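These numbers come from a predicted model, not from an experiment.
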Amino acid sequence: MKRMHLHAGADLKALTKQVLSNYFGKSEKFYYRIVRGIDMRPVQPFKETKSLAAEDTFEMT
């Protein structure tokens with residue numbers, strides 16, 4: 001994508017389905033939908049927790 005000067009979602013969104021098909025073949029449909037916020041995959045809200053993190057913020061002096 002970098003070589004095609006596609007650096008952000010807006011760059012992909014500006015392309016037509018035909019151009020996306022020329023660049024990405026079968027994946028064209030995925031890219032066309034995802035940059036427009038269309039995602040029909042089921043939501044899986046309860047996934048296994050794989051890691052926990054902690055963070056401390058210190059006052060700057």
Side-chain angles (χ1 to χ4, degrees):
M1 287 189 188
K2 193 174 187 179
R3 281 186 253 136
M4 292 183 264
H5 303 286
L6 302 172
H7 303 285
D11 299 329
L12 277 175
K13 191 174 181 181
L15 301 177
T16 65
K17 282 186 176 184
Q18 184 60 48
V19 172
L20 287 170
S21 181
N22 292 342
Y23 281 154
F24 303 110
K26 292 178 183 179
S27 298
E28 162 263 321
K29 291 176 185 175
F30 172 78
Y31 289 120
Y32 183 83
R33 288 189 206 121
I34 208 74
V35 297
R36 287 165 175 78
I38 303 166
D39 189 354
M40 303 308 284
R41 295 176 292 181
V43 175
Q44 298 177 351
F46 302 105
K47 287 189 174 184
E48 176 187 346
T49 302
K50 295 186 179 187
S51 65
L52 295 174
E55 183 178 307
D56 292 320
T57 304
F58 299 98
E59 185 178 326
M60 294 183 64
T61 58

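The distance from atom CG of L20 to atom NZ of K29, rounded to the nearest 0.5 Å, is 12.5 Å. Atom CG of residue L12 and atom CZ of residue F24 lie 5.5 Å apart, to the nearest 0.5 angstrom. The NZ atom of K13 lies 15.0 Å from the CG atom of L6; values are rounded to the nearest 0.5 Å.
The shortest side-chain heavy-atom distance between L15 and Y31 does not fall under the 4.5 Å cut-off.
The neighbour count for R36 CZ, taken as heavy atoms of other residues, nucleotides or ligands under 6.0 Å away, is above 12.
Of the possible polar contacts, none joining the S27 side chain to the F30 backbone as a donor-acceptor pair under 3.5 Å is found.
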Q: Please test H7 against H5 for side-chain contact (heavy atoms from CB on, under 4.5 Å), starting from the C-alpha separation and ending with a verdict.
A: CA-CA 6 Å; H7 303 285; H5 303 286; 4.2 Å; yes
